[in-house]
Amino acid sequence: MGDADGIASDVDEFDRREVDDADVLELLEPVVQEWWVEQFGEFVPQNGGFFTPPQKEAIPLIHEGENALVASPTGSGKTLSGYCSIINELFRRDRTEEGLENSVYCLYVSPLKSLANDIHRNLEVPLEGITEKLADRGEDVEIRHAIRHGDTDDSERQAMLTETPHILNTTPETLAILLNSPKFREKLRTVEYVIVDEIHSLAENKRGTHLAVSLERLEALADGSPTRIGCSATVEPLDAMAKFLVGRAEPGGEPREYELVDTRFVREFDMELTCPADDLIDTPADVVNDRFYRQLHDLVGDHTNTLVFTNTRSGAERVLHNLRERFDAYDEDNSGCHHGSLAKEKRQAIEEDLKRGELDVVTTSTSLELGIDMPYIDLVVQVGSPKSVAALLQRVGRAGHQLGETVTGRVFALDRDELIECAVMLTKAEEGFVDRVFVPENAQDVAAQHVYGMAINGPRPEADIRNILERAYPYREYGNEEWEQLCRYLTADYEGMEAKNVYAKIWRDTNDAPDGEYHYDEFDVGEPLIGKRGRLARVIYMTNIGTIPDSFTCDVFTRTGDEWVGQLDEEYLDTLEGGDVFVLGGDRFEYRYRRGSKVYVDRTAARPTVPSWFSERLPLSYDLGREILAFQRELLERLARGGRSELRVWLRELPLDEHSVRAITRMFDEQVRYAGSESVSTHSRLVIEEELDHDEYERHYYVHSNYGRRFNDGLSRLLAYRCAQEANANVKVAVADHGFTLSLPLNRKVDLAGILESIEPAEVRADLRASLDGTDLLQRYFRINATRSLMILKRYKGYEKSASEQQVNSEMLLGFAEDLEAFAVIEETYREILEDKLNVAGIEDVVAGIQSGEIRVASTRVDSPTPKAFGLATLMASDVVLAEDESAVLQEFHQRVLDEIEGQDREKSRT
């Protein structure tokens, strides 16, 4: 009893009025209670108890074996809320006579290896502390934990079979391999808990789809039904994320039961939008830059540790370089840069320095958004828009990593297009709005991997394999048509496949009678079964699965003279179509075609159509785009009612500095005076602006579809496809976050508003699919999906194919595959491009809104672009190569607008 008495006196040290969660503490074993109070007792006054809000709610749920999604900001004790009950239960059980088996009881799945490493270290603290306390009392208790991912060496893997960790930290890819590992999968039968960390960053892509099926395979393997715990900082909708986590007990049935721990908004935020000037067009660029770096330097000086996020890796390096060049206060010892292209050792050194609080400032792109604890960061600066509220909260949440500390964030807007975007983003963040996560559905490439994996562990009844797949949330709508399509591919039931070196992965047959050639005693005669084909099946599976695509850089050559002019990132090539013009090394080139890893171009004097940073920036989210449209409607109403002064008064209520308030007011005032309020898109109006460019002999249509980059990429392709058919001319396209531009020769004219109004929602998918025919985008995604579907093997018999070799293979297979009826790999390629990359569902919704009259298409013709179109117009401007050129073009556009307004004012004064 001494144990319990000691803890009771520890608890009594605290004023009971301060503690509202003693009942949660009492759920824990006395020794765990004692350790907890020693560790966290000092935080009792600010927490109102021994636990943080997510811990108070989650620990009792997990103690009872309930599935739970814990949504809470960074630094709120979320991870310990998941682990606490599990550690407690394992210590309790190991102290009983039976003890723990040499087996895994808890799986922790993380999207990042570095996050797994960090959690692994964090786990050591409670395990060692509690074990030490028990050792002092003469008890020999050991809870083992280990980490296993792609970098774990063979000797460590072997050691885990002999001495198995009770808690295993891993990644989605490694879990799928373990489920097919003949010896280690037996160690997973005892799993009782699964923690999925940063679930929002997995759910939105195929890594999450892969994990969802792995969790159902684990469910089928385990002796009981493991308790599932999801941890997430910024996520919406919570119910969909929870259903993604828990799956369903039967295909077509209800989701498994779950509880939501929603403590997303328990931290105080101090956020503000900052703009270095109230006029970002006519203030010289060097003045804007000087003010920005001076303000940034002052902010760094006022705080202990500052983390600066930019939207590109080159931007992160540039900000650090400029700080060191401009101010003596920064050197190698107290400042650094962290992004994915840096060497692993360099990144780890920065991470360790951040943990110790030894760096005054670190610049980064996206690589520090998730994971590692940085307790000394007390300010986050975001340069430019992070493009979604979720990303903003994730990044700013790195500041004040401890609960009770105010989260301080400053967002710098350095261009006009991002001003309104950032203003809306910060306002919505303060209101508790978060962008939705969209989960890929019915992905055939991921299904192919898992069905193959289950067949390798078989033979198994076909119904069992299909049921496991369909219990996973992303396959809840999976039907007979999809299943037959998948099996036809996996059994190579197409003429000519073997001639292309694509072989059957599985066999599909009924169980023979006992005297038949293929009879399995454990199954009924006549039962449909699935099994593996080929002696190397397991090796092929183990060395080729996963969903993260390989990518590569392409060498760029001129068609005449075969001159090498540089390299392009493959993702950037996604944005290029034949005829597009881009800048490389200061020169302009027209893209012609690609062969494998070689790109062929012609030198040109024509205008660039795709900016060089396009592929690296995050796209504006669909949900935030819609919020901006609603905001613009209210802004127009206030401007119409009370003029600039009322608009400024209203904007000052928002988290904006004075420069931002004045810059937004000026832009919208000039827009309305130049082209009328009808020239601004709102939630119920989509504006198309037509400009005749006599200098370039082109007709530009600026489409102000403010629904995010993916939407604009899709709608621009759809409209360009229809325009090309109607005008019988080449249509140039340039896409941005807030809209897109279509350009035709001046002597070609289309009624673009009429074309948009004529599109039926039911036609969108077919037309968009047709518009992809022959594109590099289709070729690249086919390669990625053919590799994921194991149609192309990355690794085979000791040889590893590079991404460029995979591309050559896929180009040879694409024509063959497109001629096959309902071929799973082709169907998945189109599904992924349309649904995940081009937001076809969003386009269908808006087109339906136009058809019903909820959204009106408004056309306006101008002699020079309106202020809201400046960004789109500079994408198309022939003389924009460098930033200085863009400034000059913007100033010219702006002067034309001011001249027109002045002329209108003179006209009014005369009348």
Only one of Asp282, Val288, Asp286 passes side chain to side chain contact (heavy atoms under 4.5 Å, CB included) with Pro284, and that residue is Asp286
d(Asp415 CG, Leu280 CG) to nearest 0.5 Å is 7.5 Å
Under the side chain to side chain contact (heavy atoms under 4.5 Å, CB included) criterion, do Leu320 and Tyr330 qualify, and how do the steps go? CA-CA 9 Å; Leu320 179 65; Tyr330 307 102; 5.8 Å; no
To the nearest 0.5 Å, atom OG of Ser621 lies from atom CZ of Arg709 at 12.0 Å
Notebook entry, point to check: For Val735, does its backbone N or O pair with a side-chain atom of Asn712 as donor and acceptor, under 3.5 Å?
Noted result: no
Heavy-atom nearest pair, Val308 first then Val361, reads CG2-CG2, 3.8 Å
Fill in: Side chain to side chain, Asp290 and Val287, heavy atoms closer than 4.5 Å
no
Point to revise | Plane angle bin for Tyr707 and Phe711 - parallel if under 30°, tilted between 30 and 60°, otherwise perpendicular | key: tilted
Side chain to side chain contact (heavy atoms under 4.5 Å, CB included) with Cys723: of Asp751, Leu718, Val750, only one passes, and it is Val750
Review point. Arg710 side chain to Asn839 main-chain N or O, any donor-acceptor pair under 3.5 Å?
Key: no
Between Leu393 and Ala429, the two heavy atoms sitting closest are CD2-CB, 4.1 Å
Can Thr866 and Glu689 be counted as having a side-chain donor-acceptor contact under 3.5 angstrom?
-> yes
So OG of Ser864 and CG of Asp899: to nearest 0.5 Å the spacing works out to 10.0 Å
With a 4.5 Å cut-off on side-chain heavy atoms, are Arg318 and Thr310 touching?
no
Exercise. Test side chain to side chain contact (heavy atoms under 4.5 Å, CB included) on Ile281 and Phe893 and set out the steps.
Key: CA-CA 10 Å; Ile281 294 179; Phe893 286 154; over 6 Å; no
Hey, is the main chain of Gly384 close enough, under 3.5 Å, to the side chain of Gln382 for a donor-acceptor pair?
yes
Check: Under 3.5 Å, is there a donor-acceptor pair between the Asn322 and Tyr293 side chains?
Finding: yes
What one should report as the nearest heavy-atom pair of Ser743 and His700 is OG-ND1, 2.7 Å
Parallel, tilted or perpendicular: which describes the rings of Phe292 and Phe412, with under 30° parallel and over 60° perpendicular?
perpendicular
side-chain hydrogen bond (donor to acceptor under 3.5 Å, both in side chains), that's the test. Do Glu900 and Gln904 meet it? Break it down for me. CA-CA 6 Å; Glu900 175 67 22; Gln904 289 173 8; 3.2 Å; yes
> If we only count heavy atoms from C-beta on, is the Ser859 to Glu690 side-chain gap below 4.5 Å?
Replying inline: no
Is the number of heavy atoms from other residues, nucleotides or ligands under 6.0 Å of Arg652 CZ greater than 12?
yes
Are any of the side-chain heavy atoms of Val383 and Thr363 separated by less than 4.5 Å?
no
Checking Asp580, Val599, Leu568, Val601 against Phe589 for side chain to side chain contact (heavy atoms under 4.5 Å, CB included), the one that qualifies is Val601
Heavy-atom side-chain proximity of Asn706 to Leu620 below 4.5 angstrom:
yes
In terms of heavy-atom contacts, Val857 and Glu757 come closest through CB-OE2, 3.7 Å
Item checked: NZ/NE/NH1/NH2 to OD/OE distance under 4.0 Å, Asp713 and Arg717 -> yes
ask   = Can you check side chain to side chain contact (heavy atoms under 4.5 Å, CB included) on Leu756 and Leu752, steps first, answer last?
value = CA-CA 6 Å; Leu756 183 51; Leu752 194 59; 5.8 Å; no
Has Arg410 got more than 12 heavy atoms of other residues, nucleotides or ligands less than 6.0 Å from its CZ? yes
task: Run the salt-bridge test on Arg662 and Asp279 with the 4.0 Å N-O cut-off and return the result as yes or no.
output: no
Checklist entry - Do Asn289 and Arg326 have side chains that get closer than 4.5 Å, going by heavy atoms? => result yes
Check this for me: does any side-chain nitrogen of one of Arg856 and Glu678 sit under 4.0 Å from a carboxylate oxygen of the other?
yes
From CA spacing to verdict: salt bridge (Lys or Arg N to Asp or Glu O under 4.0 Å), Arg896, Glu892
CA-CA 6 Å; Arg896 289 182 202 164; Glu892 186 187 337; 2.5 Å; yes
- request: Kindly indicate whether the side chain of Ile759, heavy atoms from C-beta on, has any atom under 4.5 Å from the side chain of Leu719.
  value: yes
Are any of the side-chain heavy atoms of Arg603 and Glu563 separated by less than 4.5 Å? yes
(Q) Under a 4.0 Å threshold between the charged nitrogen and the carboxylate oxygen, would Arg748 count as salt-bridged to Glu698? (A) no
Output for pair (Arg685 CZ, His704 NE2), nearest 0.5 Å, gives 11.5 Å
When every non-hydrogen atom of Ala423 is compared with those of Ile664, the smallest separation belongs to CB-CD1, 3.9 Å
Value for CG (Leu379) from OG1 (Thr408), rounded to nearest 0.5 Å, stands at 6.5 Å
Keeping the roles fixed (side chain from Asp657, backbone from Cys275), state whether a donor-acceptor pair exists under 3.5 Å. yes
The reported gap from CG in Leu639 to CZ in Arg648 (rounded to nearest 0.5 angstrom) is 10.5 Å
Practice problem: For atom CG of Asn747, decide whether the heavy atoms of other residues, nucleotides or ligands shown that lie under 6.0 angstrom number more than 12. | Solution: yes
task = Take Val846 and Tyr622, measure what side chain to side chain contact (heavy atoms under 4.5 Å, CB included) needs, and give me the verdict at the end.
result = CA-CA 11 Å; Val846 170; Tyr622 178 65; 4.2 Å; yes
Asp417 and Gly871 have their tightest heavy-atom pair at OD2-CA, 3.3 Å
Indicate yes or no: does Glu670 engage Arg673 in a salt bridge with an N to O separation below 4.0 Å. no
Do Arg638 and Glu634 sit within salt-bridge range, that is, some charged N less than 4.0 Å from a carboxylate O?
yes
